Amino acid sequence: MVEATVDELFQIFPPRPDLDSCRTCSVVGNSVNLRKSNYGPLIDSQDVVIRMNYAQIKGYESDVGTKTTHRVMYPESATDLDNSTHLVLFPFKIQDVEWLIQAFTTGFNGTSYTKVKSKIKANKDLVMVVNPAFMMYVHEVWLENKGNYPSTGFMGLVLALHICKEVHVFGYGADSDGNWSHYWEKLSNKNFKTGFHAGQQELVFL
Ligand code: C5P
């Protein structure tokens, strides 16, 4: 069953991603500390720009830039992409892989802990699916199994360190109350802190 799904996955999407194009890269987290940073031009000047989940651009260009070559996501945080952006999926469970296949074909009708997009607009030839073993490796080796699982941002960072020669990091870090708030919105849950993630442990590497 799992094998059939994985076989189908690689019939639709490239079995081997292009990992040669990254000389320098910007990994852009969603931290509120990007506000008024004026990092936009520096972020955009790298070959590869990796953003994550719901990262907003419109209205924040001078602080976060405009270029996105890769966007990492999971089904519950999926957003439509333009034709030149790589969709990088971090699957946690087999349903995530099924979602990817169905979101590009029949439409996904399953349920999850929150609403999930039925269809996604993105270039299927630029899809990259990260092996779930990579998440286990990051959790065990980098985070010493602290936190429930690595944050999207930390996974994105370690992925960048594996595929790019030079990695520039922007937009990581909690606000003054210790919450992971976003640069584009006011935090609604003041007790969010770093969610299920080992924020302190992740910070050691930043
Ligand atoms: O909130 P979201 O998961 O979309 O943010 C992407 C990543 O950016 C997080 O997983 C986290 O690693 C990082 N982040 C951060 N500090 C914040 C907000 C996000 O380090 N204030």
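As the structure lists them, so they are numbered: ligands from 1, and atoms in each ligand from 1. Just so it is clear, the model here is predicted, and its values are computed rather than measured.
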task: Answer side chain, backbone, both or neither: which part of His197 comes under 4.0 Å from ligand 1, heavy atoms only.
output: neither

message: Suppose we measure from atom 12 (O) of ligand 1 to each protein heavy atom; which comes out shortest, and what is that distance?
response: Ser151 OG, 2.8 Å

field: Ligand-residue contact atoms, ligand 1 with Phe154, heavy atoms, under 4.0 Å
entry: 12 (O)

task: Indicate whether any N or O donor in one side chain lies under 3.5 Å from an N or O acceptor in the other, for His162 and Tyr137.
output: yes

message: Any side-chain to backbone donor/acceptor pair from Tyr172 onto Gly153? Under 3.5 Å, distance only.
response: yes

query: Minimum heavy-atom separation for Asn189 to Asn179, with atom names?
result: O-OD1, 4.4 Å

message: Tell me whether Asp63 contacts the main-chain N or O of Ser37 through its side chain, where contact means a donor paired with an acceptor under 3.5 Å.
response: yes

task: Please report which non-hydrogen protein atom sits nearest to atom 1 (O) of ligand 1, along with the residue it belongs to and the distance in Å to one decimal place.
output: His182 NE2, 2.6 Å

- request: Go through Cys22 and Cys164 one step at a time and tell me if the disulfide (SG to SG under 2.5 Å) criterion holds.
  value: CA-CA 5 Å; Cys22 189; Cys164 298; 1.9 Å; yes

- request: Please write down residue, atom name and distance for the protein heavy atom closest to atom 5 (O) of ligand 1.
  value: Asn30 ND2, 3.2 Å

message: Within the structure provided, determine whether Phe108 and Gln95 are in side-chain contact (heavy-atom separation under 4.5 Å).
response: yes

query: For Asp44 and Thr66, what are the C-alpha separation, side-chain angles and deciding distance, and is it a side chain to side chain donor-acceptor pair (under 3.5 Å)?
result: CA-CA 7 Å; Asp44 281 351; Thr66 56; 3.1 Å; yes

- request: Could you tell me whether the side chain of Ser77 and the main chain of Met73 form a donor-acceptor pair under 3.5 Å?
  value: no

query: Taking only heavy atoms of Met52, which atoms of ligand 1 are found under 4.0 Å from at least one of them?
result: 6 (C), 7 (C)

message: Given Pro91, which partner from the list Val129, Asn131, Leu9, Leu100 fulfils the side-chain contact (heavy atoms from CB on, under 4.5 Å) test?
response: Val129

Atoms in ligand 1 with a heavy atom of Asn53 nearer than 4.0 Å: 2 (P), 3 (O), 4 (O)

- prompt: Going by distance only, is there an N or O of Glu202 that falls short of 3.5 Å from an N or O of ligand 1?
  reply: no

query: For atom 13 (C) of ligand 1, which protein heavy atom lies nearest, and how many Å away is it?
result: Tyr172 CD2, 4.1 Å

message: Only heavy atoms of Ser181, strictly under 4.0 Å: list the atoms of ligand 1 that pass.
response: 17 (C), 18 (C), 21 (N)

message: Taking distance alone, with N or O pairs closer than 3.5 Å, would you say Gly173 contacts ligand 1?
response: yes

task: Taking only heavy atoms of Gly153 into account, list the atoms of ligand 1 that are under 4.0 Å away from them.
output: 7 (C), 9 (C), 10 (O), 12 (O)

For ligand 1, the portion of Tyr54 having any non-hydrogen atom under 4.0 Å away: neither

